[in-house]
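Data block below; observations after.
Nothing here was measured: the structure is a model prediction, and the numbers come from that model. Each chain gets a letter, A, B and so on, in the order its sequence line appears, and its residues count up from 1.
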Number of protein chains: 2
Amino acid sequence: MAYLSIGQLARRSGVKVTTIRYYETIGLLEEPERTESGQRIFTDSDVQRLSFIRHTRDLGFPVEDVRALISLQADAEKDCASVDRIARHQLGAVRRRLTKLEALEAELKRMIAACEGGTVASCSVLAALGDHDDCLVGEHEGAELMAVPPSKRSCPYSDWRC
Amino acid sequence: MAYLSIGQLARRSGVKVTTIRYYETIGLLEEPERTESGQRIFTDSDVQRLSFIRHTRDLGFPVEDVRALISLQADAEKDCASVDRIARHQLGAVRRRLTKLEALEAELKRMIAACEGGTVASCSVLAALGDHDDCLVGEHEGAELMAVPPSKRSCPYSDWRC
DNA sequence: TCTAATTGCTATAGTAACTGTAGGGGCAAG
DNA sequence: CTTGCCCCTACAGTTACTATAGCAATTAGA
């Protein structure tokens, strides 16, 4: 069994030293043993654990999901359904981001293609950014499609000069 | 020219009231006129400006880039090159995210397909998360590929019990 | 006209998931 | 023994907002 300093663990796991300490403070990692002088001592199982965390984070799971997965791991009797549910949820999120990014790529390509070195005044990139109408990115999830009812007058308060 | 309250502006632009005020504090939006009682007064040009900001943010540009684009817009004599550069940079970032997300989607699909309702002990989702070797997500940009030189002993300090 | 509901205001704190800084101590090599 | 790197804690900063508290203004309904 090899013992590792935090720096060695960082190099082996690909997780930065400061991040390892951060994971300890938020309880993702158990508090490790210490030397007499107070330096942390890690083992290969910490490399495993950190690799798991890192991989899961790289897959885009939020830290709370990582925490949930770890606790599931600890209790091997539970069924796979929770894990599956978390993974499916994540897959949905990934697909939504993917769709949005694809539209975004197309939009940027279109904008760049249209930009041919004129002045800003004639630059269609800025025009495209200001113009929602021919936007390829559909997922503006706010309320700009929420029409303002014509009954609402454009002057909000009675004492305003409109 | 119609005058708008902050709430009306929020509905028209799709940017939340609190976010509008936030944009004002960080200087993305000029300080608007006020009524005698202190309420903000906006106009259609603010709708334009906010739509621009929102669209640009939706495209994934960081706020600082939005700020840069706005200042470029203000100076119509400058050439298009800066705008083009910012957009190209953004396109690169989008493509990197896209590649990673695609690998990620494949990985998740693979994991879910392998999860067939057993117990956690036999669940391959957790196994896949712990196992880097057959991972489809290549972009672990840390140092786990940085081999630990065999010359380095695994005991970091001479006084450790290894 | 009175009142309740909505909207607005400021200021401050909280969020995620870290990263950076200050100010110190430990450890091996030349 | 000193140079230089690694480690420690504690706290502040980051991004782009969001939430909360506590209050004032405005509007809509009875």
Please confirm whether the shortest side-chain N or O distance from [X] to OP1 or OP2 of [N] is below 4.0 Å.
X: A:Thr19; N: C:dT19; answer: yes
X: A:Ser37; N: C:dC27; answer: yes
X: B:Tyr22; N: D:dT15; answer: no
X: B:Tyr23; N: D:dA16; answer: no
X: B:Arg57; N: D:dT15; answer: no
X: A:Ser5; N: D:dC7; answer: yes
X: B:Lys16; N: D:dT18; answer: yes

*State whether B:Glu31 and B:Arg40 are salt-bridged, where the test is any N-O pair (Lys NZ or Arg NE/NH1/NH2 against Asp/Glu carboxylate O) under 4.0 Å.*
no

*Ion pair present between A:Glu24 and A:Arg21, side-chain N to carboxylate O less than 4.0 angstrom?*
no

Rounded off to whole Å, could you give me the [atom1]-to-[atom2] distance for the [X] and [N] pair?
X: A:Gln39; N: D:dC6; atom1: CD; atom2: P; result: 12 Å
X: A:Arg21; N: C:dA17; atom1: CZ; atom2: C1'; result: 16 Å
X: B:Arg40; N: D:dA25; atom1: CZ; atom2: P; result: 15 Å
X: A:Ile6; N: D:dC5; atom1: CD1; atom2: P; result: 19 Å
X: B:Arg67; N: D:dC17; atom1: CZ; atom2: P; result: 12 Å
X: B:Ile20; N: C:dT10; atom1: CD1; atom2: C1'; result: 17 Å
X: A:Leu28; N: C:dA16; atom1: CG; atom2: C1'; result: 13 Å
X: A:Ile26; N: C:dT15; atom1: CD1; atom2: C1'; result: 13 Å

Tell me whether [X] contacts the main-chain N or O of [Y] through its side chain, where contact means a donor paired with an acceptor under 3.5 Å.
X: B:Arg49; Y: B:Leu28; result: yes
X: A:Arg57; Y: A:Phe52; result: no
X: B:Glu105; Y: B:Glu102; result: no

